[in-house]
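Bear in mind that the values here come from a model prediction, so they are computed numbers and not experimental data. Whatever order the structure lists them in is the order used to number ligands and atoms, beginning at 1. Both backbone and side-chain heavy atoms feed into the values below; hydrogens, waters and symmetry mates do not.
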Amino acid sequence: MKIKNIAVLFSGNGSNMENLYLKLHNKTFGDIKIDFKIAISSRKDAYGITRCANLGLKCEVLASKENKENYDLKLLEILKPYDIDLVILAGFMRILSDDFINIYKTINIHPSILPLFKGANGILESYKSDMKIAGVSVHYVNNELDSGELIEQDVIKKIDGEDLQSFENRIHALEYEIYPKAVLKVLL
Ligand code: GAR
């Protein structure tokens, strides 16, 4: 049995972090067991911090406004003791430096059919577009915004007249389905 140690980085609500933790933490898949060691929030007021406390997942806050390189050195310091096998970004709204991604295999979820609608407003831009489908992408992280080799991608059909909240709920439901699958694909 091999233990796979996970770190999750988030900036806000933390619903993907919580979903991943509930579906994967302390569970065995084939010959691996998944252990969520630590979460890091880039914002001190992120609701995900409360979720971590409720789950019993250790959470550190690293909210400094330093440049990318200095910020990432601090991230590396925090992660060092945990022998992390995979870093999972779950609504972490920062771009990571080469120094970080050269050390840790890192994956991200984005609420659109990449390469369309990158950035912080992927759901709204997909909703407003004239496309008939929308979707969710999970990808390896490189040093550009919402870019890197795709791991999983899935789509929903748009519904005529659907309001933004309902559309957003369906996108999040798809995220909760495909992110755990993508994590297992990467680890197994
Ligand atoms: C998710 O929809 C995720 O795909 C998105 O942020 C949201 C975080 O929600 N990520 C990006 O837009 C990355 N560019 P959560 O904090 O409830 O998981």
| field | Expected output: side-chain K2 to main-chain D31 donor-acceptor under 3.5 Å | value | no

| said: Would the distance check show the side chain of H139 and the main-chain N or O of S147 forming a donor-acceptor pair, the cut-off being under 3.5 Å? | reply: yes

I'd like to check which ligand 1 atoms, numbered from 1 as shown, lie under 4.0 Å from a non-hydrogen atom of [X].
X	result
H110	4 (O), 11 (C), 12 (O), 13 (C), 14 (N)
N13	16 (O), 17 (O)
H172	2 (O)
G119	12 (O), 14 (N)

Provide, to 0.1 Å, the distance between [atom] and the closest protein heavy atom, together with that atom's residue and name.
atom	value
atom 17 (O) of ligand 1	S15 OG, 2.5 Å
atom 10 (N) of ligand 1	I109 O, 3.6 Å
atom 9 (O) of ligand 1	N16 ND2, 4.0 Å
atom 8 (C) of ligand 1	G91 CA, 3.7 Å
atom 5 (C) of ligand 1	P111 CD, 3.7 Å

I'd like to check whether [X] has a polar contact with ligand 1, where a contact means an N/O of the residue lying under 3.5 Å from an N/O of the ligand.
X	value
E175	yes
G14	yes
Y176	no

Margin query: I'd like to know if L188 and L20 are part of one continuous hydrophobic network [Ile/Leu/Val/Met/Phe/Trp/Tyr, side-chain heavy atoms within less than 4.5 Å].
Written below: yes

Next item on the list: Flag yes if L145 and L114 sit in one hydrophobic cluster, no otherwise; membership is Ile, Leu, Val, Met, Phe, Trp, Tyr, and two members link when side-chain heavy atoms are under 4.5 Å apart.
Entry: no

Is the shortest distance from a Lys or Arg side-chain nitrogen in [X] or [Y] to a carboxylate oxygen in the other one below 4.0 Å?
X	Y	value
R43	D45	no
E152	K185	yes
E77	K74	no

Residue pairs meeting salt bridge (charged side-chain N to carboxylate O under 4.0 Å, His left out), one or both in residues 113-138, sequence neighbours left out, come to none

>> I'd like to know if M93 contacts ligand 1, where contact means a heavy-atom distance under 4.0 Å to any ligand atom.
In response: yes

Rounded to the nearest 0.5 angstrom, the CD1-OH distance for I88 and Y179 is 6.0 Å

Under 4.0 Å between heavy atoms, the region of D146 that gets near ligand 1 turns out to be side chain

